[in-house]
Amino acid sequence: MNTSNNIKVVSLGFNQNHYGICKNFIDAHINVIGATKNNNYLKTSRLPQHYIKHSDDIGSGKFLDQLIRIGKKKPKHFFLVPGTDTEIAFLIKYQKELSPYFFISAPKKDVFEVVTDKFLIQNLLIKENLNYPKTILIESDPVSFKNTPDIDFPFILKPAFAGDWKSPLSSKIIGEFKVIVINSFEELRSTWRSVSQINTRVIAQSIIEPAEGENYSFCSYSDHNGKVLHGFVTQKLVQYPEGFGTALLCQTIDNPEVYEFGKKTIESLGVDGICETEIIRDDQTKELFVIEVNTRHWMQHRLSTRLGVNYSLLDFYYRTGDEANVQMILHSNKGKFQNVVWFDEVGYLIYILKNGFHPGKCKLKEVLKNKWEFSLFSLNDWRPFISSVWKKITK
């Protein structure tokens, strides 16, 4: 049954990730309503054209109440789409209250709570014979950690839930870092005093040094049972901060081994919907390791559209019960692989300037020989890119 014709999309936020989501829907001539506009450097974009709230506090009771009031007026008339871990957590938390009125883009609660917890996921992966770095949970002052033989220095410290270190408070305390390298017990205690202000639940994790050029993502869409309906592999070329950062430049690649490893991971965990699984090859053992699983749109998700399967649109049709359009999207993909390079163009521009356009460091060979996909830059909607550049240079 086709139920999607009159449903409108509501983007729960509006950052670079949401911008790509909006473009995916606009490309398919589906209108997008924004949840927030205030205090956002992308607010001058033509996408979306209408906003429903005036607060950036996605977890507030007021926002939930406002959504329910809207939903009650036109039940099952809106599709809620998150673009961050915090927004996913909000939808999961209030799924019972929201589901009578909205279609929701969110994975199953039981799967989400385990898969997005970087400590709890460990046992599931080990059970399925999937490699994962040795991980220890720290929930209180790490005085007892001093004599533990389970993990050696140096190791990395990061939040059990990724969204904890992507907030205004975390930005003030740790900046843009996703992880912190810990070289001694003294460093651990000092760092703990800082990061525990954000959340006391953090993990210590062994460092897996990746083989040269072997830092990947398995990008996928799967059904309610976790069966992968479509997937592809990307290779991270440039990241910031270097070593444990976010991709500034990546490319689609044809790697059957990584594809099958990623597919096994998703189907073993039973993850449904849009997902990005970060995978690296250990430089010493040459084995593949799962690093983390992101159960949402990720920064480079527009690459799916370039490969012929618009994941945002596929998710929209799947979760609204429009099976005919789901099959149309899946079968319209002819399966012909193509290399496409994705840019976080502002971050990459800063990177190449800092590195003096060094051909090797900046991966200029890969950039010049492949097709391009930008995060923000567009001649039809230039203001988000300009606003992003301005934000970076005026920090």
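Values below: every heavy atom of this structure, side chains too, minus hydrogens, waters and symmetry copies.
Looking at residues two or more places apart in sequence or on another chain, you find a side chain to side chain contact (heavy atoms under 4.5 Å, CB included) between Ile68 and Leu64, Lys72, Glu97, Leu98, Tyr101. For His297, the ring-ring contact (aromatic ring centres under 6.0 Å, His included) criterion is met by His301, not counting sequence neighbours. Partners of Phe377 according to the ring-ring contact (aromatic ring centres under 6.0 Å, His included) rule, which considers only residues two or more places apart in sequence or in another chain, are Phe374, Phe385. In terms of the ring-ring contact (aromatic ring centres under 6.0 Å, His included) criterion, Tyr216 has no residue partners (sequence neighbours excluded).
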After noting the C-alpha distance and the side-chain angles of Thr246 and Gln239, does the key distance pass the side-chain contact (heavy atoms from CB on, under 4.5 Å) rule? CA-CA 5 Å; Thr246 301; Gln239 61 183 332; over 6 Å; no
Under the side-chain contact (heavy atoms from CB on, under 4.5 Å) rule, what do Leu80 and Leu91 come out as? Steps first, then yes or no, please. CA-CA 9 Å; Leu80 303 181; Leu91 292 178; 3.9 Å; yes
Is there a side-chain contact (heavy atoms from CB on, under 4.5 Å) between Cys219 and Thr234? Walk through the geometry before answering. CA-CA 8 Å; Cys219 312; Thr234 65; 3.9 Å; yes
Let's go through Phe78 and Val9 carefully: what are the C-alpha distance in whole Å and the side-chain angles of both, what is the deciding distance for side-chain contact (heavy atoms from CB on, under 4.5 Å) to 0.1 Å, and is it a yes or a no? CA-CA 6 Å; Phe78 298 100; Val9 172; over 6 Å; no
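Note that the CD1 atom of Ile182 and the CZ atom of Phe153 stand 8.0 Å from one another [nearest 0.5 Å]. Atom-to-atom distance recorded for Trp192:CH2 and Gln197:CD is 11.0 Å, nearest 0.5 angstrom. Going from atom OH of Tyr311 over to atom CD1 of Ile21 covers 14.5 Å, rounded to the nearest 0.5 Å. Atom OH of Tyr351 and atom CG of Leu249 lie 9.5 Å apart (nearest 0.5 Å).
With respect to Lys263 and Glu267, a salt bridge is recorded, a charged nitrogen being found less than 4.0 Å from a carboxylate O. Between Asp152 and Lys134 there is no salt bridge, since no side-chain N of the basic residue sits under 4.0 Å from a carboxylate O of the acidic one.
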Side chains of residues 102-116: which donor-acceptor partners sit under 3.5 Å, not counting sequence neighbours?
unit_1: Ser105; atom_1: OG; unit_2: Asp315; atom_2: OD2; d: 2.5
unit_1: Lys108; atom_1: NZ; unit_2: His224; atom_2: O; d: 2.6
unit_1: Thr116; atom_1: OG1; unit_2: Phe112; atom_2: O; d: 2.5

Tell me which donor-acceptor pairs under 3.5 Å the side chains of residues 360-370 have, and how far apart each pair is, sequence neighbours excluded?
unit_1: Asn370; atom_1: ND2; unit_2: Gln251; atom_2: OE1; d: 3.0
unit_1: Asn370; atom_1: ND2; unit_2: Glu366; atom_2: O; d: 3.1

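Side-chain contacts under 4.5 Å among hydrophobic residues (ILVMFWY), followed directly or transitively, place Ile280 together with Ile208, Phe289, Ile291.
Ring-plane geometry between Phe218 and Tyr259 is classed as perpendicular, the angle between the planes exceeding 60 degrees on a 0 to 90 degree scale with a lower cut at 30.
At most 12 heavy atoms of other shown residues, nucleotides or ligands fall within 6.0 angstrom of atom CZ in Phe177. Heavy-atom contacts from other residues, nucleotides or ligands closer than 6.0 Å to NZ of Lys286 number more than 12.
Applying the salt bridge (Lys or Arg N to Asp or Glu O under 4.0 Å) test to every pair with at least one member in residues 191-203, sequence neighbours left out, gives these pairs: Asp117-Arg201, Glu139-Arg201. Among residues at least two apart or in separate chains, salt bridge (Lys or Arg N to Asp or Glu O under 4.0 Å) pairs with a member in residues 211-230 are Glu214-Arg281. Residue pairs meeting the side chain to side chain donor-acceptor pair (under 3.5 Å) criterion with at least one member in residues 120-133, sequence neighbours excluded, are Tyr132-Gln205. Residue pairs meeting the salt bridge (Lys or Arg N to Asp or Glu O under 4.0 Å) criterion with at least one member in residues 339-358: none, sequence neighbours excluded. Every pair passing salt bridge (Lys or Arg N to Asp or Glu O under 4.0 Å) that includes a residue from residues 298-308 is listed here, sequence neighbours excluded: Asp27-Arg302, Arg302-Glu373, Arg306-Glu373.
For Phe90 and Phe63, the ring centers are positioned less than 6.0 Å apart.
When only modelled atom types and interatomic distance are considered, His358 and Asn355 share no side-chain donor-acceptor pair under 3.5 Å.
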